[in-house]
Amino acid sequence: MKARYQYRFYPTDQQKQSLAQLFGCVRVVYNDALALCKNAEKNPTIGDLQKIVITQAKKTPEREWLKGVSNSPLQQSIADLGVAFKNFFDSCSGRRKGQKVGYPKFKKKESSQSARFVGTNFNVSKKSVYMVGVGNVQPVWSRELPALPSSVTVIKDCGNRYFLSFVVEIEAPQIPAQSQSVGIDLGIKTFATLSTGEFVHSPSYVALDCKVRKLQKQLARCEKGSNRRKVVALKIAKTHNKIADLRKDFLHKLSTRLVVENQSIILEDLNVSGMMKNRKLSRAISIQGWYTFRSLVEGKCAKFGRDFKVISRWEPTSQICSSCGFKWGKLDLKIREVKCLNCGQHHDRDVNAAINIQKVGM
C-alpha cells in the first residue's frame, strides 16, 4: 500500500527564486489547459493538452519562459487537471460517493503552490534531495523513509513554509487489537466520548481563534493592494497554520490510538453541512475537524486491517436507555445527564449515546 511522508525544508534565497519560477510555470500551464477545456466543445485528451500548452507554447514569445523549468512538473500539472475532471464527472454521474466535487477552478498566486517530480527528475540521498532546476535541498528528516519514493511534491503553503511530500510503497503492519469494538460519539465541548466511558478533549483553539478574528478586522480596514494588507494577510495565514497543525497533531494521535487498540470502530453519520447552518455553533463545529477525524480513522482502519462502520444519522442514540432499551424521547442539548424512568439507571448523555452507537454498529 502507498503512504505519504512529509518533511519541512528551508531553501536558500536562490532556491526560493527557482521555486517561485517553477510554481508560476506550473500554475500558468494548469490555467491555460483549464481555459482551453472551458472553451472547447469536447475536452481534449491529456496528450493533446500537453502538446498545446507545453510543447507548442514554448515556441511562442508569450510562453517562451516555460523552457526555464523542468518539463516533468508541467506534465504532472496537466495530469492533475485530468484527475480533477474525472472526479467532477464521476461525482455528477454518481460513480463517486461522498461530498459532491465541483468543476475545476483556476489556480491563484495567493493560494498554496505545489509541483510534483517523478522518474529521474529527482534523487533522494541520505542528507539531501536533488530536484531538476532547483538543486539540492536539505529537509528536516524527522523519520526515515521506509523505501525509495516514486514521486516527490514540493509544496509552499500560504504561510511561506516549504515542504517535501514523498509517496512511498509500504507493507501494512500487523498489530493485534486489544478490544473488539468501540463506539464514538463526537461533540463540541468533549471532542469524543467513547463507549468505554472515556472522555477525550481536544486542544483549546480559543486564543488562536481570537487572534484570527482580530487580524481579520485589521485586514478589512487595510487598503486593497497595499503592502500593509499583504503583511496582515500573511499573519492570518500563519495563525491558521498554527491552528491546523495543532488540530492535525491531535487528530492523528487520537485516530492512531483508537485504531490500534480496537478491531471495530463505529461512528455516527453526522450531517455536518446541515449543522454548519446554525450560526451560533458553525465556527465551533468547523474548528473541531469531525470530517477529517472520520477520514483518518477510515484510512487507518484500511491500513491496519480493522473494521470501520458508520451508523445512520437517524438512529435515536440519545433517546434510548443503553441498559434496558426504554425510549424517553428527544432531550434538550443543555440536559447532560439522564435517569431512566424504566430501570432507574443513571446515564451521562454522551456515554449513553456512545454505547448505543456501539450496539447498533455491532
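One-based numbering along the sequence shown. Small disclaimer: the values here were computed from a predicted structure and weren't measured.
The closest side-chain heavy-atom distance from Ser70 to Leu22 is not below 4.5 Å. The shortest distance between side-chain heavy atoms of Asp32 and Arg63 falls below 4.5 Å. With contacts defined as side-chain heavy-atom distances shorter than 4.5 Å, the pair Val140/Tyr7 does not qualify. Put simply, the side chain of Gln113 reaches to within 4.5 Å of the side chain of Arg27, judged on heavy atoms. Residues Ser150 and Val167 are in side-chain contact: their nearest non-hydrogen atoms beyond the backbone lie under 4.5 Å apart. In this structure the side chain of Lys235 never reaches within 4.5 angstrom of the side chain of Leu219, judged on heavy atoms. Looking at heavy atoms from C-beta onward, Lys58 lies in side-chain contact with Asn71 at the 4.5 angstrom threshold. Side-chain contact between Leu215 and Gln218 is present, with at least one heavy-atom pair separated by less than 4.5 Å.
Remark: Lys107 NZ to Leu81 CG distance equals 9.0 Å, nearest 0.5 Å. Note that CZ of Phe293 is 11.5 Å distant from OG of Ser202, once rounded to the nearest 0.5 Å. Between Gln174 atom CD and Phe304 atom CZ the span is 10.0 Å, to the nearest 0.5 Å. To the nearest 0.5 Å, atom CG of residue Leu258 and atom NZ of residue Lys253 are 14.0 Å apart. Remark: Thr292 OG1 to His252 NE2 distance equals 9.0 Å, nearest 0.5 Å.
One hydrophobic cluster, built from ILVMFWY side chains closer than 4.5 Å, cannot hold both Met362 and Phe308; they sit in different ones. Transitive grouping of hydrophobic side chains (ILVMFWY, heavy atoms separated by less than 4.5 Å) keeps Ile357 and Val297 in distinct clusters. Val118 is not connected to Tyr130 by any chain of hydrophobic side-chain contacts under 4.5 Å among Ile, Leu, Val, Met, Phe, Trp and Tyr, and they are in different clusters. Leu19 and Val124 fall within the same hydrophobic cluster, where Ile, Leu, Val, Met, Phe, Trp and Tyr residues are linked whenever their side-chain heavy atoms come under 4.5 Å apart, directly or through other members. Hydrophobic clustering (ILVMFWY, side-chain heavy atoms < 4.5 Å, transitive): Val182 and Val360 are in distinct clusters.
Gln180 places no side-chain N or O within donor-acceptor distance of the main-chain N or O of Gln263, the cut-off being under 3.5 Å. Counting only distance, with no hydrogens or angles, the side chain of Arg313 and the backbone of Glu268 share no donor-acceptor pair below 3.5 Å. With hydrogens and angles disregarded, a donor-acceptor distance shorter than 3.5 Å links the side chain of Trp141 to the backbone of Lys127. Side-chain atoms of Ser91 do not come within 3.5 Å of backbone N or O of Asn87 as any donor-acceptor pair. Remark: the backbone N or O of Ala192 is not paired with any side-chain donor or acceptor of Thr190 at under 3.5 angstrom. When atom types are taken as modelled, the side chain of Ser195 and the backbone of Gly183 share a donor-acceptor pair closer than 3.5 angstrom. For Asp348 (side chain) and Val351 (main-chain N/O), a donor-acceptor pair under 3.5 Å exists by modelled atom type. With hydrogens and angles ignored, the 3.5 Å screen pairs a side-chain donor or acceptor of Arg306 with a backbone N or O of Val259. Side-chain N or O atoms of Trp65 include none that pairs as donor or acceptor with a backbone N or O of Cys25 at under 3.5 Å.
With no hydrogens or angles considered, no side-chain donor-acceptor pair links Ser77 and Asp80 at under 3.5 Å. Donor-acceptor pairing under 3.5 Å is lacking for the side chains of Asn160 and Lys16. There is a side-chain donor-acceptor pair under 3.5 Å between Thr256 and Lys300. For the residue pair Ser179 / Asn262, a side-chain donor-acceptor distance below 3.5 Å is found, with atom types taken as modelled. Side chains of Ser165 and Arg4: a donor on one and an acceptor on the other come within 3.5 Å. Residues Gln138 and Ser128 bring no donor and acceptor atom of their side chains to less than 3.5 Å of each other. Asn271 and Ser273 are linked by a side-chain donor-acceptor pair at a separation below 3.5 angstrom, with hydrogens and angles left out of the test.
Heavy-atom contacts from other residues, nucleotides or ligands closer than 6.0 Å to NZ of Lys211 number 12 or fewer. For CD1 of Ile335, the number of neighbouring non-hydrogen atoms (other residues, nucleotides, ligands) closer than 6.0 Å is greater than 12. Counting heavy atoms of neighbouring residues, nucleotides and ligands inside a 6.0 Å radius, atom NZ of Lys359 exceeds 12 of them. Crowding of Tyr10 atom OH: a count of heavy atoms from other residues, nucleotides or ligands under 6.0 Å not exceeding 12.
Every side chain to side chain donor-acceptor pair (under 3.5 Å) that Asp245 has, sequence neighbours left out, goes to Arg161.
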*Would Gln50 and Thr55 count as a side chain to side chain donor-acceptor pair (under 3.5 Å) if you check the C-alpha gap in whole Å, the side-chain angles of each, and the deciding distance to 0.1 Å?*
CA-CA 7 Å; Gln50 291 179 354; Thr55 307; over 6 Å; no

*How far apart are the C-alpha atoms of Phe199 and Phe191, what are their side-chain angles, what is the distance that settles it, and do they pass the ring-ring contact (aromatic ring centres under 6.0 Å, His included) test?*
CA-CA 8 Å; Phe199 297 93; Phe191 177 81; over 10 Å; no

*Give the intermediate values and the outcome of ring-ring contact (aromatic ring centres under 6.0 Å, His included) for residues Phe166 and Tyr5.*
CA-CA 5 Å; Phe166 300 94; Tyr5 286 72; 8.6 Å; no

*Decide yes or no on ring-ring contact (aromatic ring centres under 6.0 Å, His included) for Phe106 and Tyr30, but give the supporting numbers first.*
CA-CA 8 Å; Phe106 291 101; Tyr30 183 93; 8.2 Å; no

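Using a 4.0 Å cut-off between a side-chain N of Lys or Arg and a carboxylate O of Asp or Glu, Asp185 and Arg349 do not qualify as a salt bridge. Looking at Arg257 and Glu198, a side-chain N of the basic residue comes within less than 4.0 Å of a carboxylate O on the acidic one, giving a salt bridge. A salt bridge links Arg95 to Asp90: one of the charged nitrogens lies within less than 4.0 Å of a carboxylate oxygen.
Contact record, Leu341 with Phe326: CB-CE2, 4.2 Å, taken as the closest heavy-atom pair. Scanning both residues, Thr317 and Asn352, for their nearest heavy atoms gives O-ND2, 3.7 Å. Minimum interatomic distance between Ile243 and Asp209 (heavy atoms only, all atoms of both residues): CD1-N, 4.1 Å. Residues Glu169 and Met1 share a closest heavy-atom pair of OE2-N, 3.0 Å. Smallest separation of non-hydrogen atoms from Ser322 and Ile355: CB-CG2, 3.7 Å. For Asp307 against Cys301, the heavy-atom pair with the smallest separation is O-SG, 4.3 Å.
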